[in-house]
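Here's the structure we're looking at; comments come further down.
Just so you know, these numbers use all the heavy atoms, side chains as well, and skip hydrogens, waters and symmetry mates. Just so we're on the same page: letters track the sequence lines, and every chain starts at 1.
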Amino acid sequence: MRRGALLIGMRRGALNLGAIGALSFLVLPFAFFAWATPWGRLHAVAGDFDAVRVSVVYTLAALALIVIGGTPLAYWMARREFRGKTVCEGLVLLPLLTPPLAMGLLLALLYGPHSMVGATAARLGLELTNTPTAFVLAQVYAAAPYYVIAARAAFESVDPELEQIALTLGKTPWQVFRLVTAPLARLGLAVGLAMAWVRALGEFGIVLVIAYFPQGIPVKLWVNLQDLGLDAIYPLLWIFFLVALPLPLLLGIVSRSYVMRTETV
Amino acid sequence: MRRGALLIGMRRGALNLGAIGALSFLVLPFAFFAWATPWGRLHAVAGDFDAVRVSVVYTLAALALIVIGGTPLAYWMARREFRGKTVCEGLVLLPLLTPPLAMGLLLALLYGPHSMVGATAARLGLELTNTPTAFVLAQVYAAAPYYVIAARAAFESVDPELEQIALTLGKTPWQVFRLVTAPLARLGLAVGLAMAWVRALGEFGIVLVIAYFPQGIPVKLWVNLQDLGLDAIYPLLWIFFLVALPLPLLLGIVSRSYVMRTETV
Amino acid sequence: MQIDYLIEAPVRLTARLRVEGFTVLLGASGAGKTTLLKALAGLLPATGTPYAQLAPQERPIGYLPQGCALFPHLSVWRNVAFGLRGRRRARRARALELLERVALGALADRAPQTLSGGQMQRVALARALVRNPALLLLDEPTNALDRATRAHVIGELRALIDQFGIPALVATHDTYLAALADSVAVLADGRVAQQGPPDEVFDRPATRAIAQLIGFENVVRADLVERAARLPESLKSPLDAGAAGRELGIAIRAHDLQLMRNGAAIEGAIALSATIKETRREGLATRIFLDGPMALEALSPSPCGDRGWQIGERVRVAVAPDRMRLVAWDG
Amino acid sequence: MQIDYLIEAPVRLTARLRVEGFTVLLGASGAGKTTLLKALAGLLPATGTPYAQLAPQERPIGYLPQGCALFPHLSVWRNVAFGLRGRRRARRARALELLERVALGALADRAPQTLSGGQMQRVALARALVRNPALLLLDEPTNALDRATRAHVIGELRALIDQFGIPALVATHDTYLAALADSVAVLADGRVAQQGPPDEVFDRPATRAIAQLIGFENVVRADLVERAARLPESLKSPLDAGAAGRELGIAIRAHDLQLMRNGAAIEGAIALSATIKETRREGLATRIFLDGPMALEALSPSPCGDRGWQIGERVRVAVAPDRMRLVAWDG
Amino acid sequence: RAATPLRVAYAGSMGTVMDQQLGPAFAKANGVEFQGIGQAAYALAHLLESKQMQADVFVSVTSGPMRILLKDGLVREAPPVAGTQMALAYSPQSRFAKSFAGKQAWYEVLESPGLRFGRTDPATDPQGRNVIFTLMLAERYYHAPGLAEKILGPLRNSAQLFAEPSLLTRLEAGQIDATVGYLSAIKSEHLPFVELPPEINLSNPADFDAWYSKASFTLSADGKTTTARPEPLVFYAAVLANAAHPEMARKFVRYLAGPEGQRILRESGYDPPVGPTLR
Ligand SMILES: Nc1ncnc2c1ncn2[C@@H]1O[C@H](COP(=O)(O)OP(=O)(O)OP(=O)(O)O)[C@@H](O)[C@H]1O
Ligand SMILES: Nc1ncnc2c1ncn2[C@@H]1O[C@H](COP(=O)(O)OP(=O)(O)OP(=O)(O)O)[C@@H](O)[C@H]1O
Ligand SMILES: [Mg+2]
Ligand SMILES: [Mg+2]
């Protein structure tokens, strides 16, 4: 156990209390929701499972793209010093900052059928509106900045000396990244991935604008509400939790269990 | 400059290319937006500045609450080992995961005028729907998990030995936190704060349900779009960027400049 | 100051020792020196006296950890001044004063990451001293220092310790440091196996582990020696006493073994025959590894060439009886 | 192997030295030893031969950094096996073999955080050895080790070096280690100021900085000595030569200074008068600080009590001419 | 003066007239604060029904959303306050803009290859259903068999369906060439439009039983199939049973139906209300 100052040096009551209070506050709506759910007459609405499939499959695809593109960007931002780095940081924050609806509109303007990008893509057979590609695009914009920012902080906290030592042991930079940097940054990377996953899965505003179809869970929730009323969202929301939570939890467990079981004290 | 393996051991071309490619992709919609903006006939719509005021003031309030409650929670999760910790992690992720619209509905269920909590609060003179309090509430739920998760990862990467040494130098746990833990975790904390800020500012789905009023920027964007069409959102979105970006950029600069200007190589 | 600590984890230690003036804690790598110092600082759970009931921040100690552990976000002088209260100007003045004493006044405004290993160690020492603690706990305070710097730093340390009467417990492997101590405590087999003034401990180690630690290259089972050589009476009677109870060993420093060409006669010394297995140049001397009734190591003061010892040559090994030390074989 | 490096930052170094067998790099704290080793490993920009054009991962070197820098996410054996390719079984076998040689076979599956300082250092050494490199760069490989462990580890290291003919460049403060070396290079004032076999370097330091580094407690300006005492002819003529060019100093080890009660006559030695300023017990000996025409430090082999030196007492200090060494005063 | 504002939940298409004219005018005249919440009518109805949202007045387009609240007892009576009609709007940036403005029949232009037609989801949005009715009626009225099928494709044709904000933005940006929607909303967006004959624009209550009802289609939701039939394009306003300010709410409904309200509505492009009060 690696115990810090607050746990060694003070009676733990205050910290525990504060922490558990804050946690309860965050969890309260879900507890209430569990309590209010009419478990007896819970049944999925037609199309709910399609929505689950759409969400999971395309979010995984988006996640893959995010990791592939975001990892080099994050590493680069962590290790390179150059003028205008602050500007870069601001730029990465932009998509995070933009309210989803506005982000959706921006994407619609850029990737829509008559825009330059959209028209070119369409000519190549890649429709960027109301298609799986558009859906994935929306999710990438929604989630990538979370991953990049978390991964960048994680990379920054890896001691460059360890990477250097690994080089002197004859590993190529790519092996060093795989064997040293990534494992040491795994906690932050896992956090980033988990955030990206939940953001992408839960994304509503952007998707609503540029990919009303295929309908993933968030849009389906919206449709169910309009169509059938509040009762129809209970089951889908529970299914959503069931589907979405395992990945982040697994990421958390794996990234932590990978830590060598260290100090026994 | 603290250079890692990839920058020492390989020709930099590939990494630079990947990173700049990814960055451009993320920034493209904004570049396009800047290009498409009709700068000549840009003018704010009535109520836009009210929306800015509402957003900034209440988001700052929400941020304060998030820091006060989230910091102990994050520290506790970083340093305490206990059974069921994984469950706690999952619980913190829940509000992140829930699509904003659904989150809004959950909050309405719990804090709405006809719920137990909402009714009690109303009797105490605290309306929790369409009031500033509700607005702040929505933002706290939207943004707190980001802060908690980032702060937790940041605290986890602070070497407990340094905290312990600070204790042996006669500092109280609270001083240790202030003088050692927080400064060493500042990068991650800044990232968490920046994320929380932009999430809270940009939050639309939750606010739409439980706090349509007072109207912050995201709801106003929506209203402008519905009422006046696309042209009315250009100015507000630019104002939004102008208002929202300075804080995260400042956080980034401060947290980095605080690092001692180290190795000159 | 009397210390009496019981530690359960990561290693079980029963530490009972006196800290008076400059007390050195010797112990093999992994014996638990760091563990004991951390427990005294309140950073590991332990029971005993003094301080065990106090939180670490309430203990009047100054602790220099083995890895220095400088605060990476604070400049050198702020690291030193960390433990102080009061106005910046006063804190800086006090920090600079201590930095001068460890010959680092010029680096006060540097970041700790830009220091060399030895410079870091000196900053950590200054930091541990800054609060005028009632007990100093120093974990390897000089192992990154060259001779001249070490002599200077130790001189300043002694001056401080003497001036303020602060007792210091110093974990080290450095026998030079141990020789300077007022008292040496040896940690072995989970307890303080011996404590005394350095000349006593260095001259009369109590156990085999201690003898090896302080540089007796040869420690052999007494019964082996007994069988192979005539023993003087002064050793015979304790050996017989040992035969009744626990096993004993005989410890001899390499440079106390004398090598002679086979056949040469020696008076008044114990001698046996051996074969030269290996020789190794060691600065101005030569280390000679011997095979025979027991493996032995001798140090010939002159370079190899002078006497021309050949590998495989049979020699007589002799040792003056007063250079042999009787030690307990286990624990 | 001939090394010829030019380094600009963080300190300017011109390093020109031969690495043959076991070569020790001596230098004061902050002289640039770590800097040189890092540059050789390719971790700092530098120009020169060999390897300077190669990326670090292409250099056939084994590097043990000063702080050990074990991979915290890998168990002990995986740290050692990190540089190996091939099947897990073979890699583990090789790692265990090396761990045995540093007496850590039993800890192969531990996490590095649970090791003591000395244990970490040995793991880092094993890791540096694992690829049979063409050049070993060891930064303070033994400073966390006790005498017995150090002797064992150095023995194994020598055996490896001799067996595979790998040259090793070892930065250290440890004069014991330096005495064992095939060659000693001294880094001072940004360059390799002297290189030679240890007995030569230890006996004939070239400059004042080197003399202080290797333990000549007294280095005084030659003109001061000249004024205060009669000098033998053997010293006089080089001094006159020095007078023409650069300044010279005279270096004397503390234990080569003999102290006598005032008035006693000495033959064939240089003598001057001084006052005892301070005495300090040092294990079995006593260190005596003297004031006079120049500050001096003497080491009396017997404990203080034997001769009863008093603070403030006036004494004669003598030194045999052949114990004095002429050194360059600056650089 | 009321402590909390008067809260009016209304069908999103009324945004401009409510937020910029009726609301402010009423607020000024009566010394209350006015808060308008414009969203999809069915979503509002469901939120009000399940008490997740609280409002004083609800204004719905068509009777469907209002019936949810009537059934639930949250509303006792809902008088009509305005009407509108379906019209075709096209993008001024569209390459077909000239054709729409010219002599060619609008439905022929809609059939042009490459034209992008947009509409909202018939599953959730009454407007989306009305688009389908309009085209089905046009097919009969112009004797052009297969017209609706040709223009619309499948009922939920993913190439044409957009969420409302997306649809409007795209239309303005020229990414969608044309849509069919409420004339009142089209006018407030200042989009060029083509008026449709009363036989197909769903505005004439007299036509309902005989003519409009010939158009219908089936939709399935939650396993049940329902048949959608046209309803008159009428806006209904109602005071909610749990209103915080029932008095002021009634006053607002009367204001909408009164001369001042009607004048503003008319000037904003709305038709006068027709048909009976819903109960
Ligand atoms: N967290 C831990 N878990 C398990 N074993 C540990 C842990 N920490 C230390 N040890 C073991 O406890 C023993 C004592 O460690 P300690 O660091 O006190 O040794 P030390 O005497 O300071 O050695 P050194 O001189 O090498 O620094 C070592 O064998 C070490 O491997
Ligand atoms: N990044 C840096 N920025 C500025 N100065 C530095 C930096 N790194 C090292 N130095 C300085 O360069 C000098 C040489 O450092 P180096 O670590 O090579 O010394 P060293 O000989 O290894 O000393 P030690 O024996 O104490 O480890 C030191 O004075 C140090 O303060
Ligand atoms: Mg230790
Ligand atoms: Mg160094």
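Using a 4.5 Å cut-off between heavy atoms, A:L101 contacts chain B through its side chain alone, with no backbone atom that close. The parts of A:L94 that come within reach of chain B are both its backbone and its side chain, each placing non-hydrogen atoms under 4.5 angstrom from that chain. Only the side chain of B:I233 comes within less than 4.5 Å of a heavy atom of chain A; its backbone N, CA, C and O stay farther away. Neither the backbone nor the side chain of A:I66 comes within less than 4.5 Å of any heavy atom in chain B. For chain B, the nearby parts of A:L26 are the backbone and the side chain; heavy atoms of each come within less than 4.5 Å. Residue contact with chain B, scored on non-hydrogen atoms closer than 4.5 Å, involves the side chain of A:L105 exclusively. With a threshold of 4.5 angstrom between heavy atoms, A:I217 does not approach chain B through any atom at all. Looking at B:L137, the atoms closer than 4.5 Å to chain A (heavy atoms on both sides) all sit in the side chain, from C-beta outward.
For the set A:L107, A:V198, A:L201, the count of heavy-atom pairs under 4.5 angstrom toward chain B peaks at A:V198. Top candidate by heavy-atom pairs under 4.5 Å with chain A, chosen from B:W76, B:F204, B:Y141, is B:Y141. Looking only at heavy-atom pairs under 4.5 Å with chain B, the residue among A:F177, A:W222, A:F30 that has the most is A:F30. The residue among B:L28, B:V148, B:V117, B:I165 with the most heavy atom pairs within less than 4.5 Å of chain A is B:L28. For the set A:L236, A:L93, A:L109, the count of heavy-atom pairs under 4.5 angstrom toward chain B peaks at A:L109. Ranked by heavy-atom pairs under 4.5 Å with chain A, the list B:G69, B:P72, B:G70 is led by B:P72. Here A:P29 is the residue among A:A166, A:P29, A:A200, A:G90 with the most heavy-atom pairs under 4.5 Å with chain B.
B:S157 places a side-chain N or O within donor-acceptor distance of the main-chain N or O of B:A154, the cut-off being under 3.5 Å.
Taking all atoms of both residues into account, the shortest heavy-atom contact from A:P246 to A:F241 is CD-O, 4.1 Å. Of all heavy-atom pairs spanning B:V209 and B:A108, the tightest one is CG1-CB, 4.2 Å. Between B:P145 and B:V140 the shortest heavy-atom distance is CD-O, 4.2 Å. Here the closest heavy-atom approach between residue B:G192 and residue B:Y147 is recorded as C-CD1, 3.8 Å.
A tilted orientation is assigned to the rings of B:W35 and B:F32, their planes being inclined by 30° to 60°. B:F25 and A:Y111 have tilted rings, their planes meeting at an angle from 30° to 60° on a 0 to 90° scale.
Among the candidates B:L96, B:I210, B:T98, the single residue satisfying the side chain to side chain contact (heavy atoms under 4.5 Å, CB included) test with B:M103 is B:T98.
Using a cut-off of 4.0 Å between Lys/Arg side-chain N and Asp/Glu carboxylate O, A:E163 and A:K171 are scored as not salt-bridged.
For the residue pair B:Y146 / A:R199, a side-chain donor-acceptor distance below 3.5 Å is found, with atom types taken as modelled.
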